[in-house]
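What follows is a set of notes on a single structure, which appears directly below.
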Amino acid sequence: MSATPQAVLTKRLHAALVACGLPPERGEVTAAADTRFGDYQANAAMVLAKEAKTNPRELAARIAGYFEAGDICLKPEIAGPGFLNFRLKPPWVSGQLRALADEARCGVSATKNPLRIIIDFSSPNIAKPMHVGHIRSTILGHALARIARFAGHEVVTDNHLGDWGTQFGKVLHGWKHLLDRDALERNPIAEMTRLYREVNALEQTDPAVHKAAREELVKLQQGDPENRAIWEQLVDLSWAEFAGIYEKLGVDFDERLGESFYHPALAPLVDQLLAAGTAQISEGAACIFFPDIPALTEKPCLIRKSDGGFLYATTDLATIEYRIERWDPQAIWYVAGAPQQLHFQQVFAAARRMGVGTQLEHVAFGSILGEDHKLMKTRSGDNVPLRDLMDEAVSRARAMIEAKNPELPAEEKEHIARVVGLGAVKYAELSQHRMSDYVFSWSKMLSLQGNTAPYLQNAYVRVRSIFRKLGSELGSVQEVVLTEPAELALAKKLLRFGEIVPLVLQDFRPNLLANHLFETANAFHTFYEACPVLKSGGVTEHSRLVLCAATARVLKQGLDLLGVQVPERM
RNA sequence: GCGGCCAUAGCUCAAUUGGAUAGAGCAUCUGACUACGGAUCAGAAGGUUAGAGGUUCGAGUCCUCUUGGCCGCACCA
């Protein structure tokens with residue numbers, strides 16, 4: 001396993017700090033903010049000088065004196081108030097690139113601290129269509145799962161389906177009185193949604209309907225065989241629809257334990273919490289209070305309604321107990337929208353009150369906005385069904401390919417349309433900071449210019465085109481000599497891949513990886529213009545082919561971590 | 001009212017968690033096409049980081065306040 005430049009420099013900086021009698025843990029090396037200053041930089045002298053109340057530039061000079069640059073980089077330069085700047089030597093970069101070419105993990109070392117992590121994401125509701133509201137959780141959760149796994153963590157993905165709730169009383173009532181079998185046959189989700197809406201509307205004016213729907217729900221929860229059988233059909237029909245969407249998106253789950261799975265555990269859990277004094281009855285409801293947490297003093301976590309029903313939080317707590325019992329994870333990540341922050345704060349606080357030590361993280365994200373900058377809706381004001389959105393992505397990509405490359409075989413065009421269209425949707429989400437509200441724009445995400453999936457896919461395609469022209473793959477790797485600025489800039493970008501991937505998990509930010517891939521593609525295009533590959537001859541040609549092969553592998557691997565595929569042609 | 005999240009180029013967004021002269025892409029302007037895919041590249045222009053204080057060698061980033069926006073806030077999930 002070859003170490004990244006950052007890791008190599010950090011190790012040497014630590015040695016230099018120890019030699020100076022300084023604590024090594026502050027000796028962080030980061031990529032230089034500006035390549036004019038070098039390739040990497042360290043702020044250690046300024047940080048340590050502050051603590052020791054000495055002159056930072058003098059301290060930097062002492063550290064630099066002990067730094068063993070060897071054949072890796074030039075002697076560190078001291079700049080500004082006390083920055084240490086490192087410039088990598090071209091022969092060393094060449095050697096590292098050669099090593100990267102033989103390295104299956106593209107320079108990403110496995111974490112030294114592997115965790116067992118449960119990732120809870122997607123979680124659509126049964127008997128309702130999956131819509132844009134679910135897409136961010138699905139795509140972000142899936143990408144984080146892939147990245148965490150690649151980084152060496154043990155990951156369990158769980159789709160916590162909304163398959164148990166008050167909506168079923170309404171749907172059951174509708175099923176028994178208003179069901180249109182033909183419509184159900186044609187489009188099950190649409191028919192289920194219609195039933196829900198009609199009953200909901202009737203309830204507003206007719207208290208008898210409200211009462212009837214409630215009774216259906218109670219019967220279901222008490223295990224009435226007829227209602228149970230209908231409910232199972234609802235689940236199966238919905239899941240068939242979801243599974244089709246997940247299959248197209250290339251998303252899968254290790255588990256799909258919905259809310260219903262935990263239903264039997266809810267009553268005992270609440271009783272136990274009441275008996276232990278963790279929860280109290282207040283205004284008829286069972287609650288957990290947090291007098292010691294300022295933000296939650298007035299916001300107790302309700303776990304049983306005064307009518308005896310259970311809540312979202314109850315299920316979540318039972319789910320935590322189950323997951324700990326079954327997997328004993330070190331962390332559980334919930335990929336859910338920012339509006340649910342209070343809920344997770346309450347649930348996490350309640351879990352801690354129950355003695356849960358597992359790290360619990362709400363991976364929050366912003367909303368998807370339409371081009372009018374309001375929450376994305378259809379013209380009639382409904383949520384946009386995910387299936388329609390995906391179909392449109394594919395058909396727009398298909399039109400693009402048809403215009404650019406009409407001579408490709410029909411089957412390949414269809415494949416490319418899927419890879420490009422769905423890749424564009426995913427990448428558009430992931431290339432954005434997760435907390436920002438994100439404006440959905442077909443023309444931007446499908447553009448071949450800028451930070452988009454098609455641009456990156458195209459960069460990959462161009463590399464592959466070189467090997468097609470060459471008539472063979474790279475073959476065995478020989479000596480690599482890089483001298484041109486464009487070659488070295490690209491090589492350094494490629495070597496940084498191993499530094500970026502772990503960074504993504506530090507704060508759940510796939511956009512850092514997306515940005516880095518974009519920079520890599522840019523560096524490749526610059527290289528491509530400046531440095532002819534084929535027919536350059538000898539060591540130069542071989543070195544450039546090694547660069548090309550490494551570029552293709554890093555782009556493919558990086559996009560794969562984001563859940564985006566690459567075509568060979570487009 | 002209380003709380004959370006935000007506010008960066010005309011537009012859409014970054015900024016490796018406190019580092020150097022705040023970066024990209026669209027759009028605009030100027031160049032490069034007998035090209036390994038121009039689906040590209042090179043360059044120009046564009047900023048008081050909403051505003052005001054504070055912390056320190058150093059702030060888009062941390063603290064306080066103000067303005068403006070989105071979202072939550074006891075029996076939906």
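Chain letters run A, B, ... following the sequence lines, proteins first and then strands; every chain starts at 1.
Base pairing annotation: B:U16 forms no Watson-Crick or G-U wobble pair, as no partner gives both donor-acceptor distances under 3.5 Å. Pair assignment for B:A44 gives B:U28, based on Watson-Crick or G-U wobble hydrogen-bonding distances that are each under 3.5 Å. B:C73 is paired with B:G1 under the Watson-Crick or G-U wobble criterion, all donor-acceptor distances under 3.5 Å. When Watson-Crick and G-U wobble pairs are counted only if both distances are under 3.5 Å, B:G60 pairs with no nucleotide at all. Nucleotide B:G38 is matched to nothing when pairs are restricted to Watson-Crick or G-U wobble geometry with both distances under 3.5 angstrom. Base-pair partner of B:U55: not found among the strands shown (Watson-Crick or G-U wobble, both distances under 3.5 Å).
Separating the NE2 atom of A:H362 from the P atom of B:G4 is a distance of 15 Å, rounded to the nearest angstrom. In this structure, A:K374 places its NZ atom 13 Å from P of B:G69, rounding to the nearest Å. The interatomic distance linking A:D34 (CG) with B:A14 (C1') rounds to 15 Å, in whole Å. B:U61 atom C1' lies 16 Å from atom CE of A:M435, rounded to whole Å. Computed from coordinates, the A:D39 CG to B:U16 P distance equals 19 Å when rounded to whole Å. One atom, CD of A:Q449, and another, P of B:A27, lie 6 Å apart when rounded to the nearest Å. Atom-to-atom, CD of A:Q341 to C1' of B:C6 comes out at 11 Å; the value is rounded to the nearest Å. Counting to the nearest Å, the C1' atom of B:A20 and the CE atom of A:M46 are 8 Å from each other.
When heavy atoms are screened at a 4.0 angstrom cut-off, A:A338 is found touching no nucleic acid atom at all. Contacts of A:E541 with the nucleic acid, taken as non-hydrogen atoms under 4.0 Å apart, are absent. Across all strands, A:N55 comes closer than 4.0 Å to no nucleic acid atom at all (heavy-atom distances). Nucleic acid contact for A:N43: base, since at least one base atom lies under 4.0 Å from a heavy atom of the residue. Within 4.0 Å (heavy atoms only), A:R496 reaches at least one base atom of the nucleic acid. Counting any heavy atom pair closer than 4.0 Å across all strands shown, A:L503 reaches sugar-phosphate atoms only and no base atom. A:A79 comes within contact range of at least one nucleobase, with a heavy-atom separation under 4.0 Å. Nucleic acid contact class of A:M570 (heavy atoms, under 4.0 Å, all strands): base.
Classification of the A:H525-A:Y528 ring pair by plane angle, with boundaries at 30° and 60°, yields perpendicular. Below 30°, between 30° and 60°, or above 60°: for A:F440 and A:W442 the angle between ring planes is above 60°, a perpendicular geometry. Ring-plane geometry between A:H362 and A:F344 is classed as tilted, the angle between the planes lying from 30 to 60 degrees on a 0 to 90 degree scale. Ring orientation note: the planes of A:H343 and A:Y312 are close to parallel, at an angle under 30° on the 30°/60° scale. In this pair, A:W231 and A:F168 present their aromatic rings perpendicular. The plane angle is above 60°, beyond the 30 to 60° band.
Nucleotide B:U17 carries a syn base; the chi torsion (O4'-C1'-N9-C4 or O4'-C1'-N1-C2) is within 90° of 0.
Once the 5.5 Å centre distance and the 30° plane angle are applied, the aromatic ring of A:F37 is found stacked with the base of B:A20. Stacking between A:F518 and B:A24 is absent: the aromatic ring centre is not both under 5.5 angstrom from the base six-membered ring centre and within 30 degrees in plane angle. Stacking between A:Y528 and the base of B:C36 is present: ring centres sit under 5.5 Å apart and the planes differ by under 30 degrees.
Geometrically, A:K128 engages A:Y196 in a cation-pi contact defined by less than 6.0 Å to the ring centre and at most 45° from the axis.
By the 4.5 Å heavy-atom criterion applied to side chains, A:H433 and A:Y438 are not counted as neighbours. Side-chain contact between A:Y40 and A:P5 is present, with heavy atoms from C-beta onward closer than 4.5 Å. For the pair A:N511/A:L430, no side-chain contact is recorded, criterion being any heavy-atom separation below 4.5 Å from C-beta on. A heavy-atom distance below 4.5 Å is not found between the side chains of A:I189 and A:M130.
Taking the P atoms as reference points, B:U12 lies 34 Å from B:A74, given to the whole Å. Rounded to whole Å, the separation between the P atoms of B:G46 and B:G10 comes to 11 Å. Distance noted for atom P between B:G18 and B:C5: 16 Å (whole Å). Rounded to a whole angstrom, the distance from the C1' atom of B:A32 to that of B:U48 is 38 Å. For the P atom pair drawn from B:G19 and B:A59, the interatomic distance equals 11 Å after rounding to whole Å. Atom P of B:A7 sits at a distance of 23 Å from the matching atom of B:G54, rounded to the whole Å. Nucleotides B:C70 and B:U8, compared at atom P, are 15 Å apart to the nearest Å. Distance noted for atom C1' between B:G25 and B:A45: 15 Å (whole Å).
Here A:S436 reaches the OP1 or OP2 of B:A14: one of its side-chain N or O atoms lies under 4.0 Å away. Between A:N522 and B:C41 there is a side-chain N or O to OP1 or OP2 distance below 4.0 Å. Using a 4.0 Å cut-off, no side-chain N or O of A:H525 falls inside it from OP1 or OP2 of B:G38.
Between B:U12, B:A14, B:A20, one nucleotide has an atom nearer to the side chain of A:H433 than all others, and that is B:A14. Comparing atom distances between the A:T526 side chain and each of B:U17, B:C41, B:G4 picks out B:C41 as nearest. When distances are taken from the side chain of A:K444 to each of B:C36, B:U17, B:U12, the shortest belongs to B:U12. Distance from the side chain of A:V439 is smallest to B:C13 among B:G19, B:U40, B:C13. Taking every side-chain heavy atom of A:Q432 into account, B:A14 is the closest of B:A14, B:U40, B:U17. With B:A20, B:C36, B:U40 as the candidates, the nucleotide lying closest to the side chain of A:I466 is B:C36. You'll find that the side chain of A:Q506 is closest to B:U17, out of B:U17, B:U12, B:G19. Checking B:U56, B:A20, B:U17 against the side-chain heavy atoms of A:K50 singles out B:U56 as nearest.
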Encode nucleotides 72-77 of chain B as B, S and - characters from 5' to 3', where the letter depends on protein heavy atoms closer than 4.0 Å: B to the base, S only to sugar-phosphate, - to neither.
SSBBSB
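Across the interface with RNA chain B, nearest-nucleotide mapping of A:G80 and A:K404 shows A:G80 to be the residue nearer the 5′ end. Along RNA chain B, the nucleotide closest to A:Q41 and the one closest to A:Y455 are compared, and the more 5′ of them pairs with A:Q41.
For A:T10, the side chain to side chain contact (heavy atoms under 4.5 Å, CB included) criterion is met by A:Q6, A:H14, A:V29, not counting sequence neighbours.
Within the 3.5 Å criterion, the main-chain N or O of A:I126 finds no donor-acceptor partner in the side chain of A:W239.
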